Structures are given as C-alpha cells and as structure tokens.
A.B. asks: 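Got a structure for you, written out below as structure tokens; questions coming shortly.
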Amino acid sequence: MVTGAARVSHKRCNGDVVSEGAAGRRTRTLRAEVALKALTAGPDSPERLRSVLEQVLVFARASFAAVYAPSEDGELLCLVDAAGVPRTLYGLRDAYPLAGGSPVAEAHRGGRSAWLGPQELAECAEARRLPSRDFHLAALPARRDGGGCLVAASEHPDGFDTDDRKCLELLADAVAWPAPAAAAEGGELPSGAFSLAMDTGRIEVGDDILDLFALRREDFDGRVETLLALTVPEDLPALMSVTEADHMSLGDRELEFRALQPTGPPKWLRLRGRLLPGGEGRPAGLVGTVADASTLRSDVTDVARVQRLAAALATAGTVRDVSQAVVSALRKPLRADRIALAELENDRLVVTVLDPPDPESWPELWRLEWRTEWPDAPVRAMPTLAAALSEGRAQIWPAGTALEPALADVGPGGLAVLPLPAAGRMAGACLIGWDTPHEFGPDERALLTASAGLAGQALMRAHAFDAEHELVGMLQRQLLPRRLPKLPGAIAVARYLPSTAGLELGGDWYDVIPLPDNHVALVIGDVQGHSAGAATLMGQMRTALRAYAVEGHPPDVVVSHANRLLTDMETDLFATCAYVDLDMEEGSAWCVRAGHLPPVLRHPDGTTEIAEAEGGPPLGVVAQADFPMTPLRLRPGTLIALTTDGLVESVDADIDQGMDRFAHELAVSDPAHLGLVADALLGNARRSDDVALLLVRYDGMASHPLRENWTVWRVPQAVGHARRFTRRTLRSWNVPEDAQDTVLLIVSELVTNALVHTDGRVRLDLTLVNHRLRVAVADASPRTPVKPTSIGWEATGGRGILLVEAMSAAWGSLPVSGGKQVWSEVTF
C-alpha cells in the first residue's frame, strides 16, 4: 500500500523530474502523528482499530499488521483484528498462550518491544510453525485497555528501520478495541446485538435483528439454524464459518451476507462479531451486532468490499471476467471517472477492459493504438507507467502532476496505477483516473493495495485458463469439419458446445459427406469419456467413416467396417454413431444406428417424429454385429435433427424425456432459419457434457438429373453394344450431334480399357445435368488408370487415356466398393 507520505510524486523543476520519496521517508513519523490525531479524535470502534492497522501498513512499510488481546480468563492472547496479507504466510496463530515463549507473549508480559529478524525467528521456540520465507517481525505492547500486543511483519530486506520503529511505537500507543456488544448482567441485549452459545446453537437477538430477518418475536424459536435458513444459500458457507466454533478463529470478525425478504430482493446485512473463548464451566460464545448494510457509512476500506471482490474473483474463469470483477469492485466505491485493466505481455499492455468502454473517453494515444477489439498500448510510450511496473508498487499522482499525455488524460484530477503482481512477476496493471481533483486517503490506499494483490493472482490464473481453453478449442476445431459442404437440394447447419475444463477434450463429432449421384451421408457420434485419448479416437472414427462412405459402401457396410476397425484397435473406449444416407433426388434415406440416439424428423406441417430406427450395439463392443438399415421418407421441407446425449440427458430427466422435449422444441421452431434453430436448441443445454448438433433441411432438387445405365457383357461386340446404347440415350436427351461424337469416343476408350485390363463386371452410367454429361465406367479392379508420360510412334496402345483427357472438361477415378470408377465430363 502506498500513501501520500510514501508515494513518489514527480514535479517539473527547472526541466528536471524530482522525486520526493526520500523527503517522504524523513517525515513519515510526523505524518503518522497527524494521521493518528485525526483517528483518535473519535470514539473507539472496529473501524478505528482497522484504520490504525492500516496506518501500520502505510507508515511502517509492513505487509501485515495485527492486534492481540488477552482472553477473559487471562490464559490466551487472542487475535482481535488484522490487515494486509494473510497471516498464514508468516505462520502466525489465532491465539498464543499468555505464559508461553512466543514473541507476542513475551512482549506482552515484559512490556518491551521485540524486533526479530529471520535468524532470530528461526531460533525461537515457534520456528517450526514459521514459513521458510524471510521476513522481520515486530511485537509491541499496547498501553491501553489492559494490555495486548501490536504485531507487524515486513519483507523489506533491511527490516524495520528507525523511522519504521518510531511509527510503530506511536501506533501501538493508539491501539484500542471496543468491548463487544453483549447483554448487561441480568439485562437485555441491545436491539441490534446478538449473543450465540457455540455449544448449543442457542442465540439471543435484539428486536432490530428480528426486523431485518422479517421475523416476529413470537415466531422465533431461539435457534441459530432458523436465522441461517432465511439467508441466501450462496452466503451460507461464509456464515457457517462464523457460527460454527470449529471453523471460526478467535477475535473480531466482520462479513456481509444477504437475508431473504417476504417480497423484493434479498437485503444485504453486515455482521460484526467477536468469539469469546470459554473458561471454567463456561462455553465459548459469539457476541456482536447485525445491521442493514445499506444504511451504514459507505467506507471504501470496509473488509466486506474486499470480501466481495475475493468471492467474485474466485469464480472468474477468464481474463475478462477478472477485469469486470475488479471494475465493479473499485470504480463505484472510489467514485472514479475511468478505470482500465490490462495484461502485461512483453513490452505492451493489452487492455482487456475499459470502463467507460467508448474510445472518446480515453487518451488519443490509446485510440491510435486501437488494433483489435481492445486497445494495445505500448509501455515504452508511458515512461512513468513503465517505472511503476518496474518498481512493483502502487503509485498515486494527485491533480496537477506533470505526466506524459497518455497518462495525464486518464486522470487529470488524480491517477492511481496499481501493478498487479503474481508469481514473482507483473501480470498486468490497473489504471484508475478522476476528472476532478481527488484526495487520496489511507482508506482508499488500503482498498487499492488489497485489490491489486487479489487481482494479480486471479489474472494469472485466468490467463492460464484462457490459454488452456484456446488450446482445447484449437484441437477440437482441427478434429471437426471446418465448414459444411453446399448440398444440392438441402441446407446443413452444425453446432458443437464443449463443456470440459482445463486440457480435457470431448469425443463428440459430426460430419456431412457428399457422395456420388447426389447422395449425402450425415454422421454424428460420441466417443466414451473426456480425454486426449477420446478426442484422438474421435478423429480416427470420423476419418474411417468418411473413407468407407466415399468408397461407395452401403450404410450398413460403412458402419460394420468402422465397428471392426475400432474392435481391432484394442482400445478400452467405445463409440456410438448414427449414420444417415440421404438421396437428394428421390427424397429417401437409409438410417443406421450403433448405440446412438435416433434422428428426429420435423415434417413440413410442423409435426415431429422420433424415427423408429432399429439399432445395433455401440462401435467397438462386439466384433461381429448386425447394423440394420431403416428407411426414411422425406418430403421437401423436412428437417432432420441429429444430436448427442449431452443435449437431451440430464440429472433431473431421463433420456426419453429429453428426446420428447427436443422434439417439442423442434416443432415450435422456424426451419427457415436453421442457424437460429440450432442456437435456440443449444440454449437449454446442460454444460456437464459435450453437445454436438447437426440439422439438415431437405428442400428437394430444383432439377433432377437424367440417368441411364448399361451392364457391359464380355462379348466380342461389347464396345459396339455400349456405343449403340449411348447413342440412343443421347438422342433421346436431345444432345447435339457434335457432342455425341465426343461422348461416343470417350465411351469406346473407357469401356475398352475396362474390358482389356480388368476382370468381372463392367457397368456404364450416363448422367446429364444442365448441359453437362457425365460418363462413368465401373469395374472390379482397384487399380487406377495411369496416364503414360510418353508414347513412341511404334507403340500400339496407351493413347486411350490421353484421348479421354484431351476431350473431357474433367476426368478422374474414384474407388467404389471393391473396385473403381473412371469418369469423364463433357459440356455442350
């Protein structure tokens, strides 16, 4: 934490920049006296004690400060309040035996201050409880209210210097703590106070507390559980840490929580309490007050604000979530005009959140460096900011300080720069600016320092989470189709919703595979588990199914081949799959299921149907399994929906109920906008499992191809028969004569090659689509034709493929079930 006494302000003096840090150190004691004079003017209160502890952090350069006071039975020195970093970092306890050998107890008994460095701490009796980090410890007896001790810890290499010690002695004399609110002997509790017996859970409360909980006195049974039941469930863990003796530490505690109301939103309440240790025949008790937080003074040093920030950062998963939590915690309490939070990447500040977000509210340099969605400001353009980051301490500049324009315009009335430390380096910076002159009090400095430490650690965690999430997303995108193909007579839309955390990968996948003759294969599947192994297997199964489908196998054979492949891979994982072969020309489909959910059809009239498709076992379970095919009839306008169980199965509903709900949501959707339908279906998806969704709207083909085929028999006149069949077909299709001659020559060459170089059946297919004629000759040989590189004059063969290439608009060869198909296309 940095205050006006310890900050380094920069002044223009004869062109030089002068640091007044040394002068600030020389006058620290004087400034501490001035601050204490203002603090001690009011009555003793928890706020005053907290302010004194914050002054220890400011003027004595301490990282931790605490007050210990004797228990009622005089056997322990108990922690009353603390400020700064967590005490556990220095191995400090909640209580010490007053007769023990701890530095705290010895300072209290002897009435003398104890100053211990790392070596002395290592040699003391409590060394086994101290951490390995080096620090200095000070224990000073408090002179007021019957004794006690002020304890401070510093990680400064030189420990507490002379000025530090003088400031600590002044502050120790000012330490005082108010007596907790409790019932007077034989009297009643104050209206806003309570007293809780830790052993029985019986609680006495004042009338004002019952009003805050909207309870009548006659309806209250005196049990603390009754009050806890009226609080917001999310706040219960914090309250339980106060109301259960095993969880609560000795000393004063403060927290805010929400109480449910009969009407309207929950009410924020503030609890202040102190756990009193039990003595002979007397149980431990918790006494304190509960008040409406909205009516209390808006104090920026209130521990509840840091408590809320810590709670928000604990659930912040991304860098942007962290930034928004910091903005919410700081801008309104500090009444700042603008706040920016940025990550430090090499020599640049990549700003993740600006508040307000409009560019006109920020300096011109920031607007010039506006490169992406967020600005990217170079640190070298702001030397003052670079110095603050290098020093690693919060810096505050009041109104009128001469700064470079990039910073001066952020806070003309005052600027605070908070380096955000984490893991031994700077994770980023937070800039807070005011337009009108702003006074920086010790309260604000305490909030800024505490927030910076919390934000730095959270920012580092979120950055690692974002990096892991991006890596997972990149790997997942590489395993899934980058884009879906354009289909003749149909539109396809797919969505994938990951739910895993860290570096876990899901096994859900989808695919759309264009096939010959205006067929398309729709595939969706799910590999068991969430791991790199599941993701790898998913990629292998997707590739295998695509390969088998492109080879021309029927749907049941494609799935059977994939099943045998997975079985032979000797993996412990299995996969489910649904495969639909859709004929765009006929409006029909064949569906095969392997342990997967059936397709859901939305008909043009808005009715939905869960296809009654027979199914086989999951892939990889049974080596020799049957996968029956189920026919589906489609009319133009029919929507086919394929999904994985992550969308329809949940802890509160079985998979059948989920499928019924899925079908109902499809029925009320508008199939004209498939993307909106997919987004709406995913809107209610639970995030405990991955979700893959594939939607295809079958519209029907505007124009159907003309098709004819011919089985070529192995007879001497086979080529002539194929030519005569081709000529009759082309004439019936009104193909021009010059194009007919070209096609006849191609047919002669392809059929001759198939008869000469292969055995078995030969098939000729002719297809005409929009003045583009396709000739395809299929045979039983998997060997593809090879185009010769050179042919001599004396050669008697090898020119056929060259002729086909010269006369075709395009030609090629593709595998079909057990063989190949050589094709050629001619345009006219």
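Quantities reported herein were computed from a predicted structural model and do not represent experimental measurements. One is the number of the first residue; the rest follow in order along the sequence.
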A.B. asks: Taking only residues two or more places apart in sequence or in another chain, which ones pass salt bridge (Lys or Arg N to Asp or Glu O under 4.0 Å) with Arg338?
C.D. replies: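 If we apply the salt bridge (Lys or Arg N to Asp or Glu O under 4.0 Å) test to Arg338, skipping adjacent residues, the hits are Asp435.
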A.B. asks: Distance check, rounded to the nearest 0.5 Å: Leu137 atom CG versus Trp115 atom CH2?
C.D. replies: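 Nearest 0.5 Å value for the CG-CH2 distance: 10.0 Å.
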A.B. asks: Quick one: CG on Leu98 to CG on Leu76, what's the gap to the nearest 0.5 Å?
C.D. replies: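 Going from the CG atom of Leu98 to the CG atom of Leu76 covers 8.0 Å.
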A.B. asks: Should Lys267 and Val232 be marked as a side chain to side chain contact (heavy atoms under 4.5 Å, CB included) after you check the CA-CA gap, both sets of side-chain angles, and the distance that decides it?
C.D. replies: CA-CA 10 Å; Lys267 179 181 295 186; Val232 174; over 6 Å; no
A.B. asks: Could you check whether any side-chain N or O of Gln261 sits under 3.5 Å from a backbone N or O of Leu212, counting only pairs where one atom can act as donor and the other as acceptor?
C.D. replies: yes
A.B. asks: Taking all non-hydrogen atoms of both residues, which atom of Gly100 and which atom of Ala105 are closest, and how far apart?
C.D. replies: O-CB, 3.7 Å
A.B. asks: Could you walk me through whether Asp161 and Arg61 pass the salt bridge (charged side-chain N to carboxylate O under 4.0 Å, His left out) test, one step at a time?
C.D. replies: CA-CA 10 Å; Asp161 61 17; Arg61 301 181 304 168; 3.2 Å; yes
A.B. asks: Are Leu215 and Leu230 close enough that some pair of their side-chain heavy atoms sits under 4.5 Å apart?
C.D. replies: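 When only atoms from C-beta onward are counted, Leu230 and Leu215 do touch, with a gap below 4.5 Å.
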A.B. asks: Go through the structure and list residues passing side chain to side chain donor-acceptor pair (under 3.5 Å) with Arg258, not counting sequence neighbours.
C.D. replies: Asp235
A.B. asks: If you take all heavy atoms of Phe135 and Ala153, which pair is closest and at what distance?
C.D. replies: CD1-CB, 4.2 Å
A.B. asks: Which residues satisfy the side chain to side chain donor-acceptor pair (under 3.5 Å) test with Asp337, sequence neighbours excluded?
C.D. replies: none
A.B. asks: Would you call Pro70 and His108 a side-chain contact if the rule is heavy atoms closer than 4.5 Å?
C.D. replies: yes
A.B. asks: Please check if the side chain of Glu106 supplies one atom and the backbone of Pro103 the other of a donor-acceptor pair under 3.5 Å.
C.D. replies: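 Not a single qualifying donor-acceptor pair exists.
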A.B. asks: How long is the gap from CZ on Phe213 to CG on Asp219, to the nearest 0.5 Å?
C.D. replies: 15.0 Å
A.B. asks: Under a 4.5 Å cut-off applied to non-hydrogen side-chain atoms, are Leu92 and Phe64 in contact?
C.D. replies: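 With C-beta onward as the side chain, the pair touches.
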A.B. asks: Tell me every residue that passes side chain to side chain donor-acceptor pair (under 3.5 Å) with Asp208, counting only those two or more places apart in sequence or in another chain.
C.D. replies: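 With neighbours one apart ignored, the set is Ser191.
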A.B. asks: What is the minimum heavy-atom distance between Arg165 and Phe160, and which atoms define it?
C.D. replies: NE-O, 3.2 Å
A.B. asks: Tell me the closest heavy-atom pair linking Val290 and Phe257, and the distance in Å.
C.D. replies: CG1-CZ, 4.3 Å
A.B. asks: Kindly give the heavy-atom pair with the smallest separation between His156 and His136, and that separation in Å.
C.D. replies: O-CD2, 3.5 Å
A.B. asks: Using every non-hydrogen atom in the two residues, find where Ala152 and Leu168 come nearest and quote the distance to one decimal.
C.D. replies: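 So the two residues come closest at CB-CD2, 4.0 Å.
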A.B. asks: Answer yes or no: are there more than 12 heavy-atom neighbours, outside Arg216 itself, under 6.0 Å from its atom CZ?
C.D. replies: no
A.B. asks: Under the side chain to side chain donor-acceptor pair (under 3.5 Å) test, which residues partner Ser63, sequence neighbours left out?
C.D. replies: Tyr90
A.B. asks: Could you work out, with salt bridge (Lys or Arg N to Asp or Glu O under 4.0 Å) as the rule, every residue matching Arg223, not counting sequence neighbours?
C.D. replies: Asp221, Glu225
